[in-house]
Protein chains: 2
Amino acid sequence: MNTRDKIILIGDTLIRKRGYNAFSFSDISKELNIKNASIHYHFPTKTTLVIAVIQKHLMLLEKFKQNVTDENAIQKIIKFLSVYTIAKSEGKISVLGSLANDYFTFEPEVQTELKILTDNTLNWLTHTLKEGKRDGIFQYKMTDRNKALMIITNILGAEQLSRVTYQHDFHKIKENVIDDLTK
Amino acid sequence: MNTRDKIILIGDTLIRKRGYNAFSFSDISKELNIKNASIHYHFPTKTTLVIAVIQKHLMLLEKFKQNVTDENAIQKIIKFLSVYTIAKSEGKISVLGSLANDYFTFEPEVQTELKILTDNTLNWLTHTLKEGKRDGIFQYKMTDRNKALMIITNILGAEQLSRVTYQHDFHKIKENVIDDLTK
DNA sequence: ATTTGCCTACCTACTAGTAGGTATATATAT
DNA sequence: ATATATATACCTACTAGTAGGTAGGCAAAT
């Protein structure tokens with residue numbers, strides 16, 4: 001892996017473990033054993049780095065969508081949630097959750113990119129729920145987008161809350177989300 | 001109001017609007033038109049300030065509990081959720097949500113206080129749900145604590161997500177939580 | 001006379017970011 | 001093949017500004 005990609009990877013981890021405003025370029029440079037100025041060679045500002053991190057996740061989301069296109073709705077949802085579970089087991093919350101928290105401290109460009117990632121995620125979830133309902137796998141009364149909102153907020157909230165309470169709470173919430181959908 | 005309480009109030013607002021790691025003592029001193037060092041007179045460290053903020057919310061929670069003791073479960077839940085709605089309309093998320101995000105950047109004492117606030121909130125919610133179920137007002141299959149977890153994560157997640165999407169999403173999620181409980 | 005609540009004036013450590021230099025590799029022109 | 005130019009990826013050394021925090025002084029209230 002080249003240095004640029006390593007910086008993105010470490011930045012991503014720091015954002016999701018500690019938060020955007022709780023890490024500095026020197027955290028990254030120390031881990032890579034290069035100098036602070038060298039990080040600025042690859043990313044002139046912290047803003048350009050966080051945008052690169054968001055764009056990596058936009059790419060990963062597209063890949064994920066393609067990987068699960070042939071599966072049924074319930075399998076899609078289970079795999080979607082397992083992405084958050086795996087990250088959680090490594091002490092990381094989602095970029096979406098972490099950066100949403102710091103939303104008002106960002107420059108407009110970052111806010112725009114984050115909006116795109118959020119909309120993409122929410123749209124995929126909405127569409128997948130609709131598909132599952134059409135196929136008689138899922139039951140719920142509210143609109144598809146509202147159900148998507150309920151599920152995504154359960155996950156984002158669970159990531160946060162289980163930092164304070166117990167890791168186990170995250171898994172309980174995830175199980176409840178799936179049980180509730182399939183009844 | 002004395003200066004100490006003003007500092008707590010401004011600190012509280014900054015934490016909930018921008019996050020713990022995105023504000024400094026000078027943000028507070030500028031707003032109060034006093035010097036940076038004077039903040040340190042009241043709160044020797046940033047840690048002591050955030051603890052005072054959490055403890056204020058512990059007090060407010062106790063007051064809230066007392067205020068609603070005579071109401072029925074559904075009214076209790078509605079009033080509980082409206083606390084978050086009012087804050088949201090002022091651009092503030094809950095202390096719980098904001099500080100949970102920065103959990104790993106805190107000293108142990110802060111983590112302990114935050115755990116207490118979280119447990120108190122969760123316990124009250126669990127107890128109120130149980131009460132409503134006993135009285136035939138609420139219907140749900142999972143355990144009381146699990147239901148409490150689902151509701152609180154919906155709210156915490158909604159606070160975050162609606163920063164990125166639309167203010168309106170927060171209200172939709174809140175309505176869904178109440179509708180789902182009462183069916 | 002002591003406490004309260006602020007002040008001036010400072011400190012150290014760190015932040016993001018810049019200027020300018022260098023070794024190495026690669027591409028191009030002679 | 002050799003000289004030259006260019007790009008890459010780092011470096012040292014620096015800047016201006018901010019972070020949290022401290023020492024000691026002073027006026028007013030208790």
Side-chain angles (χ1 to χ4, degrees), chain A residues 1-54 56 98-99 101-111 113-114, chain B residues 1-54 56 98-99 101-111 113-114:
Chain A
M1 199 191 301
N2 63 32
T3 306
R4 193 193 139 90
D5 289 340
K6 281 183 195 164
I7 293 170
I8 293 176
L9 196 69
I10 296 170
D12 176 73
T13 302
L14 286 167
I15 286 169
R16 295 164 65 190
K17 281 191 177 174
R18 301 177 51 82
Y20 179 78
N21 292 311
F23 88 92
S24 71
F25 273 25
S26 82
D27 291 325
I28 299 176
S29 63
K30 275 170 198 159
E31 193 163 326
L32 284 178
N33 274 314
I34 58 175
K35 296 295 157 180
N36 204 48
S38 307
I39 313 289
H40 282 282
Y41 165 76
H42 296 281
F43 299 98
T45 64
K46 209 179 172 186
T47 292
T48 55
L49 173 57
V50 69
I51 286 175
V53 168
I54 297 172
K56 191 193 75 177
S98 176
L99 296 182
N101 198 269
D102 299 324
Y103 193 73
F104 298 129
T105 70
F106 292 139
E107 292 177 50
E109 320 135 67
V110 182
Q111 295 183 340
E113 287 300 312
L114 192 55
Chain B
M1 200 191 301
N2 63 33
T3 305
R4 192 192 140 89
D5 289 341
K6 282 181 194 164
I7 294 169
I8 293 176
L9 197 69
I10 296 169
D12 176 71
T13 302
L14 286 168
I15 286 169
R16 294 164 66 191
K17 281 189 177 174
R18 301 178 50 84
Y20 180 79
N21 291 311
F23 88 92
S24 71
F25 272 25
S26 83
D27 292 325
I28 300 176
S29 63
K30 274 169 197 159
E31 192 163 328
L32 284 177
N33 274 312
I34 59 175
K35 295 295 157 181
N36 204 48
S38 307
I39 313 289
H40 283 282
Y41 166 76
H42 295 283
F43 299 98
T45 64
K46 208 180 174 186
T47 292
T48 56
L49 173 57
V50 68
I51 287 174
V53 168
I54 297 172
K56 192 193 75 175
S98 176
L99 296 181
N101 198 270
D102 300 323
Y103 193 73
F104 298 130
T105 71
F106 292 138
E107 291 176 48
E109 320 135 68
V110 182
Q111 296 183 339
E113 287 300 313
L114 192 56

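A note on names: the letters A, B, ... follow the listed sequences, proteins ahead of strands, and every chain is numbered from 1. Predicted, not measured: the structure shown is a model, and the values here were computed from it.
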Earliest and latest nucleotide of DNA chain C, 5' to 3', sitting under 4.0 Å from a non-hydrogen atom of chain B?
-> C/dT4 to C/dA9
Residue pair B/Asn21 / A/Ala22: nearest heavy atoms and the distance that separates them | ND2-CB, 3.6 Å
Check the surroundings of atom CD in B/Glu109: do more than 12 heavy atoms from other residues, nucleotides or ligands lie under 6.0 Å from it?
-> yes
Any strand is fair game: report the nucleotide pairing with C/dG20 by Watson-Crick or G-U wobble, both distances under 3.5 Å, or none.
-> D/dC11
Stretch residues 19-44 of chain B: residues that reach within less than 4.0 Å of DNA chain D through a heavy atom = B/Phe23, B/Ser24, B/Phe25, B/Ser26, B/Asn36, B/Ala37, B/His40, B/Pro44
Pairing residues for B/Phe106 by the ring-ring contact (aromatic ring centres under 6.0 Å, His included) criterion, not counting sequence neighbours | B/Tyr20
Sequence neighbours excluded, every pair satisfying salt bridge (charged side-chain N to carboxylate O under 4.0 Å, His left out) that has a member inside residues 17-29 of chain B | none
For A/Lys35, look at atom NZ and say whether over 12 heavy atoms of other residues, nucleotides or ligands are found less than 6.0 Å away.
-> no
With sequence neighbours left out, the residues meeting salt bridge (charged side-chain N to carboxylate O under 4.0 Å, His left out) with A/Arg16 are A/Asp12
Hey, could you give me each pair passing ring-ring contact (aromatic ring centres under 6.0 Å, His included) that has a residue in residues 29-50 of chain A? Not counting sequence neighbours.
-> A/Phe25-A/His40
Between B/Leu114 and B/Ile54, what is the shortest heavy-atom contact and its length?
-> N-CD1, 4.1 Å
